[in-house]
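Notes to accompany the following structure.
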Amino acid sequence: MTPEQFLEFARVLPEPLLLVSGEGQLLATNQPVADMLGLRRQELRGKMLFELVTQSTDDVVKYLQACSSSRAMVIGSLTLRKNDGQTLICRSQGAVIQPWSPESSSLILLRLENRTLASSNFVLLNQKIDELAKEVQRRKQAEEALWKANQELEIRVEERTTALQETLNELQLTQTQLIQAEKMSSLGQMVAGIAHEINNPVSFIYGNLHHAYKYTHDLLKLVQIYQQLCPNTPLEIQQELEEIDLDFLIQDITKLFQSMTVGTERIQEIVKSLRNFSRLDEAELKQVNIHEGIDSALMILEHRLQARHEYPEIKVIKKYSQLPNVTCYPGQLNQVFMNILANAIDALEALAVNSQTTDNQKLTNNNPQIQIKTEVINEKWIAVSIADNGLGIDEQVRSKVFDPFFTTKTVGKGTGIGLSVSYQIIVEKHGGQLSCFSVPGKGAEFVIKIPVNSVS
Ligand SMILES: Nc1ncnc2c1ncn2[C@@H]1O[C@H](COP(=O)(O)OP(=O)(O)OP(=O)(O)O)[C@@H](O)[C@H]1O
Ligand SMILES: [Mg+2]
């Protein structure tokens, strides 16, 4: 770079710049240098750098040599001697722009910077950096707080949703229980009422049958005595004796009384069963015979098992094992038997209707039956299985049968609470298990497992 080129480019720059030779001779300076020193630019021409500074010639030469031999900027400090006699400490940055050669000395560009200004700028810059760093920190913290709040909000929303879902489930469950309880209690009350109404007259009949038989027997004996003692009975009596066929009457009346006794005993059995089913008086835990509960539920459903119109008879095959008495809420267990048996009958009836309306062999069943099996699993558990050979349950439906209000039946036929309540009763009230198995098209099986001393 020639001094002219330097001047050309230094002219437009606001900072003080000097072009000096390796020996310290000023080759060119720009206006800011002159301003700094309080001189005119012409006055600077041809001067040596050490004439303008307070440092010794040696120090200045050493500094310039360092600049000449370094590729990087060399930072130094020069104290300028101003025209008005004052001094000005400057930071200088020197860089060689033409290295020394045998033909020409090296050329060094010096950039001066007022120390106080620089340091105040530096302080200002530092302040700015500090402020910026603080701002960045503040933003980071705000962002973190926001993220945290967001996270907390999400958790809260999730918790709320879960709580709401739980409440909804509980409400649904309570609703199903209420409906079922209402249904069962009116059914139970009706059954208990009927049982009571039948029981009284049947008791009279049964209680008097024995006397009636004895009286009849006595009267017949009297007739026989008459016959023996008065062989010449008047014609009118003879005719009457022939008409009523006394010999046959004597034979038949015994049979008649026997069958009347069997009949009334059967009615008493039914009454007992009805009472057993309703068990209105037994909300408490009791030790009961499970088979009696199943039989009483069957008794209530008896009318649906017999052949009717389009439905063939449903056979009930009982495979009862020797079971210990089970500690349970008997009225509730009876509800479960009733629900599962009623579903089995529904499935068999649906199949019967299907058989009449379709040619599909898979959907016909000429031998509708319900198999009830009981067994002891071990000394602590028993199992009751109720299986039908009805329509069966698709896998898709099977996963939902215990859900409250799930039904595949038409309005009025099913409400979808039978199995959900049964599940509640078996699993939650008795600590047992209720499972459903099915081969679609072949039938369904419900297995109840309960501990012998479940709720103790
Ligand atoms: N033995 C079975 N065979 C075929 N499907 C069955 C059987 N038992 C239950 N299901 C299916 O499970 C569903 C739910 O049964 P659940 O007893 O809970 O309700 P529901 O019988 O429809 O109505 P509700 O019992 O309240 O009168 C039934 O709608 C039916 O689709
Ligand atoms: Mg049902």
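Whatever order the structure lists ligands and atoms in, that order sets their numbers, starting from 1. Because only heavy atoms are used, hydrogens play no part in the values below, and waters and symmetry mates are left out as well, while side chains stay in. FYI, the numbering just counts along the sequence from 1.
The nearest heavy-atom contact from the protein to atom 14 (C) of ligand 1 is Phe406 O, 3.3 Å. Looking at atom 25 (O) of ligand 1, its nearest protein heavy atom turns out to be Gly418 N, 3.3 Å. Of all protein heavy atoms, the one closest to atom 22 (O) of ligand 1 is Thr407 OG1, 2.5 Å. Looking only at heavy atoms of the protein, atom 8 (N) of ligand 1 is closest to Asn343 CB, 3.3 Å. At the top of the distance list for atom 16 (P) of ligand 1, counting protein heavy atoms only, stands Leu419 N, 3.6 Å. With hydrogens left out, the protein atom closest to atom 3 (N) of ligand 1 is Ala347 CB, 3.4 Å, a heavy atom. In terms of protein heavy atoms, atom 26 (O) of ligand 1 is closest to Thr415 OG1, 2.5 Å. Protein heavy atom at the shortest distance from atom 7 (C) of ligand 1 is Ile393 CD1, 3.8 Å.
Under 4.0 angstrom from ligand 1, there are no non-hydrogen atoms of Phe402. Of all the heavy atoms of Asp388, the ones lying under 4.0 Å from any atom of ligand 1 belong exclusively to the side chain.
Considering both main-chain and side-chain atoms, Thr408 comes within under 3.5 Å of ligand 1 through a nitrogen or oxygen pair. Close N/O approach between Ala444 and ligand 1 is not found [any backbone or side-chain N/O within under 3.5 Å]. Between Gly416 and ligand 1, at least one N/O pair is under 3.5 Å apart. Residue-to-ligand polar distances place Ile417 within reach of ligand 1: an N/O pair is separated by less than 3.5 Å.
To the nearest 0.5 Å, atom CD of residue Glu135 and atom NZ of residue Lys128 are 11.5 Å apart. With rounding to the nearest 0.5 Å, the separation of CD1 in Ile448 from CD in Gln433 is 11.5 Å. Separation of atoms OG1 (Thr374) and CD1 (Ile382) is listed at 7.5 Å; rounding is to 0.5 Å. Remark: Leu110 CG to Leu78 CG distance equals 7.0 Å, nearest 0.5 Å.
The Mg ion (ligand 2) lies under 2.8 Å from an N, O or S atom belonging to Asn343.
Between Phe402 and Tyr423, the angle of the ring planes lies from 30° to 60°, which puts this pair in the tilted group.
Ligand 1 lies out of reach of Ser438, whose nearest heavy atom is not under 4.0 Å from it.
Thr261 and Tyr213 share no side-chain donor-acceptor pair at under 3.5 Å. Judged by distance alone, the side chains of Gln306 and Glu302 do bring a donor and an acceptor atom under 3.5 Å apart. Residues Asn343 and Lys409 bring a donor and an acceptor atom of their side chains to less than 3.5 Å of each other. Between Thr233 and Gln238, the side chains place a donor N or O and an acceptor N or O closer than 3.5 Å (distance only, hydrogens not considered).
Put simply, the side chain of Cys67 does not reach to within 4.5 Å of the side chain of Val96, judged on heavy atoms. Side chains of Ser422 and Phe446 form no contact here, defined as non-hydrogen atoms less than 4.5 Å apart.
For ligand 1, the atoms closer than 4.0 angstrom to any heavy atom of Val401 are 11 (C), 12 (O), 14 (C), 18 (O).
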